[in-house]
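The structure appears below as structure tokens.
First listed ligand is number 1; within each ligand, the first listed atom is number 1. Because only heavy atoms are used, hydrogens play no part in the values below, and waters and symmetry mates are left out as well, while side chains stay in.
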Amino acid sequence: GLLRVDHVGIAVADLDEALAFYSETFGMHCVHEERNEEQGVREAMIATDPDGTGARIQLLAPLRPDSAIAKFLDRNGPGLQQLAYTVKDVEAASDALRARGLRLLYESPRRGTAGSRINFVHPKDAGGVLVELVEPA
Ligand code: MC0
């Protein structure tokens with residue numbers, strides 16, 4: 001099952017500009033940053049609390065014009081792109097949702113932030129929300 005909200009993902013055109021905006025405007029700070037070539041993103045986890053154990057926001061900037069985030073930005077502009085839940089076992093959670101008739105985007109999990117294993121539910125099967133399942137490393 002779903003354990004908690006892992007993070008909320010926001011598509012941005014420029015990661016450095018977005019980091020400066022969240023820092024200067026909301027006093028949030030970066031707790032993790034990486035490039036994920038497979039997903040075609042540069043991402044930063046930002047938090048309101050010093051150690052980043054509370055709610056986290058993931059800023060997602062495209063690395064390539066054919067990436068999911070570039071396509072999202074073209075269609076919608078910047079904004080909320082995904083809602084991610086922590087799960088204990090991403091395969092088990094994916095299988096349970098498949099058994100309820102939902103489409104998972106990947107047959108087997110892929111690599112997500114900080115060495116996590118991830119899969120996604122198609123937004124058309126989840127009330128218009130791109131749901132990500134995250135099994136932390
Ligand atoms: C598309 N749609 C969305 C959506 N993206 N609805 C809600 N939220 C989104 N983010 C809608 C479209 O408007 C369209 O609706 C319908 O879904 C199907 O669109 P499509 O043309 O078939 O599909 P695409 O090409 O727009 O792709 C959507 C899809 C894609 C979700 C399949 O974005 C994808 O594969 N996402 C998973 C990977 C991902 O998002 N990677 C970036 C984050 P209409 O009504 O017009 O038909 S990487 C990440 O998150 C990692 C690093 C991590 O957290 O660890």
Side-chain angles (χ1 to χ4, degrees):
L2 308 180
L3 299 178
R4 69 188 80 85
V5 173
D6 191 276
H7 62 266
V8 174
I10 298 177
V12 303
D14 184 302
L15 193 67
D16 297 316
E17 262 175 39
L19 280 168
F21 173 80
Y22 277 89
S23 161
E24 286 156 20
T25 311
F26 297 125
M28 294 174 74
H29 64 280
C30 183
V31 294
H32 177 78
E33 191 181 325
E34 73 178 77
R35 288 165 75 91
N36 185 323
E37 294 290 343
E38 183 180 37
Q39 291 291 335
V41 295
R42 243 187 102 200
E43 58 118 332
M45 284 291 184
I46 60 170
T48 52
D49 59 315
D51 53 1
T53 51
R56 295 178 309 161
I57 303 298
Q58 183 182 47
L59 303 175
L60 295 157
L63 285 176
R64 301 186 292 270
D66 64 339
S67 61
I69 296 301
K71 195 166 178 191
F72 182 92
L73 288 169
D74 286 344
R75 194 168 351 199
N76 310 285
L80 293 179
Q81 189 257 350
Q82 57 167 264
L83 175 57
Y85 295 99
T86 310
V87 296
K88 191 164 169 289
D89 178 339
V90 67
E91 266 131 350
S94 300
D95 284 345
L97 295 174
R98 279 192 196 97
R100 287 167 200 151
L102 277 63
R103 283 169 293 170
L104 276 289
L105 294 184
Y106 309 140
E107 204 174 309
S108 44
R110 295 193 184 167
R111 200 184 63 75
T113 186
S116 59
R117 300 167 74 232
I118 62 172
N119 207 336
F120 293 87
V121 178
H122 195 286
K124 291 295 169 189
D125 292 352
V129 177
L130 175 59
V131 169
E132 182 182 356
L133 306 174
V134 184
E135 177 188 318

What atoms of ligand 1 come closer than 4.0 angstrom to any heavy atom of [X]?
X	value
F72	9 (C), 10 (N)
F120	37 (C), 38 (C), 39 (C), 50 (O)
A68	33 (O), 39 (C), 40 (O), 41 (N)
T113	53 (C), 55 (O)
Q82	43 (C), 49 (C), 50 (O), 54 (O)
K124	14 (C), 15 (O), 16 (C), 17 (O), 44 (P), 45 (O), 47 (O)
Q58	50 (O), 52 (C), 53 (C), 54 (O), 55 (O)
L130	8 (N), 9 (C), 10 (N), 31 (C), 40 (O)

(request) Go through R98 and D95 one step at a time and tell me if the salt bridge (Lys or Arg N to Asp or Glu O under 4.0 Å) criterion holds. (result) CA-CA 5 Å; R98 279 192 196 97; D95 284 345; 2.8 Å; yes
Got a donor-acceptor contact below 3.5 angstrom from the [X] side chain to the [Y] backbone?
X	Y	result
N119	V90	no
D6	A84	no
R64	A70	no

Protein heavy atom at shortest distance from [atom]:
atom	result
atom 22 (O) of ligand 1	H122 NE2, 4.6 Å
atom 6 (N) of ligand 1	P123 CB, 3.5 Å
atom 35 (O) of ligand 1	L105 CD1, 3.6 Å
atom 7 (C) of ligand 1	G128 O, 3.2 Å
atom 19 (O) of ligand 1	R75 NH2, 4.0 Å

(message) Would K71 count as being in polar contact with ligand 1, using the rule that some N or O on each side must be under 3.5 angstrom apart?
(response) yes
(request) Answer yes or no: does an N/O atom from S116 fall short of 3.5 Å to an N/O atom of ligand 1? (result) no
(request) Please assess L83 against V5 for the test side chain to side chain contact (heavy atoms under 4.5 Å, CB included), listing each intermediate value before the final yes or no. (result) CA-CA 8 Å; L83 175 57; V5 173; 4.0 Å; yes
For ligand 1, is there an atom lying under 4.0 Å from some heavy atom of [X]?
X	value
R111	no
A84	no
H7	yes

Of all the heavy-atom pairs spanning [X] and [Y], show the shortest one and how long it is.
X	Y	result
V87	P136	O-CD, 3.6 Å
L133	S94	CD1-OG, 3.7 Å
V12	P62	O-CD, 3.3 Å
L19	C30	CD2-CB, 4.1 Å
F72	G79	CE2-O, 3.9 Å

(message) Side chain, backbone, both or neither: which applies to V129 and ligand 1 if a contact is any heavy-atom pair less than 4.0 Å apart?
(response) neither
(request) For ligand 1, indicate whether the residue Q81 contacts it via side chain, backbone, both or neither (heavy-atom separation under 4.0 Å). (result) both
(request) Run through the side-chain heavy atoms of Ile, Leu, Val, Met, Phe, Trp and Tyr, join any pair under 4.5 Å, and report what else lands in L3's cluster. (result) none
Using residues 38-49 as the side-chain source, report each donor-acceptor pair under 3.5 Å to any protein atom, sequence neighbours left out, with the distance given to one decimal.
{"from": "Q39", "atom 1": "NE2", "to": "Y106", "atom 2": "OH", "distance (Å)": "3.0"}
{"from": "R42", "atom 1": "NH1", "to": "D16", "atom 2": "OD2", "distance (Å)": "3.4"}
{"from": "R42", "atom 1": "NH2", "to": "D16", "atom 2": "OD1", "distance (Å)": "3.2"}
{"from": "R42", "atom 1": "NH2", "to": "E33", "atom 2": "OE2", "distance (Å)": "2.8"}
{"from": "E43", "atom 1": "OE1", "to": "Q58", "atom 2": "NE2", "distance (Å)": "3.2"}
{"from": "E43", "atom 1": "OE2", "to": "T113", "atom 2": "OG1", "distance (Å)": "2.7"}
{"from": "D49", "atom 1": "OD2", "to": "G52", "atom 2": "N", "distance (Å)": "3.3"}
{"from": "D49", "atom 1": "OD2", "to": "T53", "atom 2": "N", "distance (Å)": "3.0"}
{"from": "D49", "atom 1": "OD2", "to": "T53", "atom 2": "OG1", "distance (Å)": "3.4"}
{"from": "D49", "atom 1": "OD2", "to": "G54", "atom 2": "N", "distance (Å)": "3.2"}

(request) Following the transitive rule for hydrophobic clusters with a side-chain heavy-atom cut-off under 4.5 Å over Ile, Leu, Val, Met, Phe, Trp and Tyr, establish whether F21 and M28 coincide in one cluster. (result) yes
(request) Indicate if I57 and V131 have the same hydrophobic cluster label, given that clusters are the connected sets of ILVMFWY residues with side-chain heavy-atom separations under 4.5 angstrom. (result) yes
(request) With atom 41 (N) of ligand 1 as the reference point, say which of R103, R110, M45, Q39 has the nearest heavy atom. (result) Q39
(message) Checking contacts now, so for atom 48 (S) of ligand 1, which I'm interested in, is there any protein heavy atom under 4.0 Å?
(response) yes
(request) Kindly state if atom 27 (O) of ligand 1 has a protein heavy atom within a strict 4.0 Å cut-off, that is, under 4.0 Å? (result) no
